[in-house]
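Everything below concerns the one structure shown next.
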Amino acid sequence: MNLDVKRILSHDCGPFWQFVKYGVIGVLATCVQTGIFYLLALTCLKCLTPDDFAITFAKKFFALDLPSAAFTGAEPWWASRGTLAAAATAVGFVVANVFCWLMNRRFVFKPGKFKWYAEFGMFFGAATLATAIALGAMKVLIDCFGLMTTLAVVVEVAVSFLVNFFVRKFFIFKG
């Protein structure tokens, strides 16, 4: 492996590469979380409407007819759509954060400021707090403003990313 690549992948790569690696791992963790979200939203926690961007995108560009919940707006599930979306996000959150913690320890931040289990607890706690705030925003955007589920998920991801980076960098890891 090239010496520069080894240095970039190490913990001593400097703040620029640290942020880049954090971003890459964040994108990968977001893919894990979002993949699980859509798997659940399309199957057992149906919360996507036929006009949702994910449904129309898959149909238009991939000729996929993904399952969505049929609705007129009066169905009983309509009122719980925000809760179903939050539940699907929560499941994806747990899996994605275990992945994210492992990758951040290995490639981004120096572990050892705390014992591993305390570090994991704080990492997960910070992510839980950031996600709870973001999920609250997502639920309000869906339930109160009728925003499409996919757009609300984008807001949720952006809020979580920003809060998590600062907490992890300055409070949980060595740097």
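We number each residue from 1, following the sequence as shown. Just so it is clear, the model here is predicted, and its values are computed rather than measured. The basis for the numbers below is simple: all heavy atoms, side chains too, and nothing from hydrogens, waters or symmetry mates.
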| Can you list the steps and then say if F57 with F53 is a ring pair (Phe, Tyr, Trp, His ring centres under 6.0 Å)? | CA-CA 6 Å; F57 181 83; F53 284 152; 9.5 Å; no
Taking side chain as C-beta onward, heavy atoms only, is [X] less than 4.5 Å from [Y]?
X: W101; Y: E119; value: yes
X: L135; Y: E156; value: yes
X: F173; Y: R168; value: yes
X: R105; Y: K110; value: no
X: F37; Y: T149; value: yes
X: K139; Y: T83; value: yes
X: V108; Y: M103; value: no
X: V167; Y: I172; value: yes

| According to the interplanar angle, ranging from 0 to 90°, do the rings of F165 and F109 count as parallel (below 30°), tilted (30 to 60°) or perpendicular (above 60°)? | tilted
| task | Give the ring-plane orientation class for F170 versus F166, where under 30° counts as parallel, over 60° as perpendicular and anything between as tilted. | result | parallel
Nearest 0.5 Å, please: how far is [atom2] in [Y] from [atom1] in [X]?
X: N104; Y: Q18; atom1: CG; atom2: CD; result: 9.0 Å
X: L9; Y: F107; atom1: CG; atom2: CZ; result: 6.0 Å
X: L28; Y: F99; atom1: CG; atom2: CZ; result: 5.0 Å
X: C13; Y: D4; atom1: SG; atom2: CG; result: 12.0 Å
X: D52; Y: T150; atom1: CG; atom2: OG1; result: 3.5 Å

| query | Sequence neighbours excluded, which residues qualify as side chain to side chain contact (heavy atoms under 4.5 Å, CB included) partners of V27? | reply | C31
| request: Would you please name every residue forming a salt bridge (charged side-chain N to carboxylate O under 4.0 Å, His left out) with K21, sequence neighbours left out? | output: none
Applying a strict under-4.5 Å side-chain criterion to I, L, V, M, F, W and Y, I'd like to know whether [X] and [Y] cluster together.
X: F93; Y: L39; result: no
X: F171; Y: W116; result: yes
X: L48; Y: V154; result: no

| task | Just do the side-chain contact (heavy atoms from CB on, under 4.5 Å) check on N164 and Y22 with the steps written out, would you? | result | CA-CA 10 Å; N164 278 313; Y22 181 82; 3.5 Å; yes
| message | Applying side-chain contact (heavy atoms from CB on, under 4.5 Å) to L40 and V91, what does each step give before you reach the verdict? | response | CA-CA 9 Å; L40 294 172; V91 172; 3.7 Å; yes
Looking only at heavy atoms, what is the nearest atom pair of [X] and [Y], with distance?
X: L45; Y: A88; value: CD1-N, 3.7 Å
X: A152; Y: L141; value: CB-CB, 4.3 Å
X: A85; Y: I142; value: CB-CD1, 4.2 Å

Sequence neighbours excluded and cut-off under 3.5 Å, please list the side-chain donor-acceptor pairs for residues 123-130, or say none.
unit_1, atom_1, unit_2, atom_2, d
T128, OG1, F124, O, 2.7

| If we ignore angles and hydrogens, is there a donor and acceptor under 3.5 Å between the side chains of T43 and Y38? | no
| query | T34 and T89: side-chain contact (heavy atoms from CB on, under 4.5 Å), yes or no, with the steps? | reply | CA-CA 8 Å; T34 305; T89 300; over 6 Å; no
| message | I'd like to know whether M138 forms a side-chain contact (heavy atoms from CB on, under 4.5 Å) with V153, so could you lay out the CA-CA distance, the side-chain angles of the two residues, the decisive distance to 0.1 Å, and finally the verdict. | response | CA-CA 6 Å; M138 181 180 80; V153 168; 3.9 Å; yes
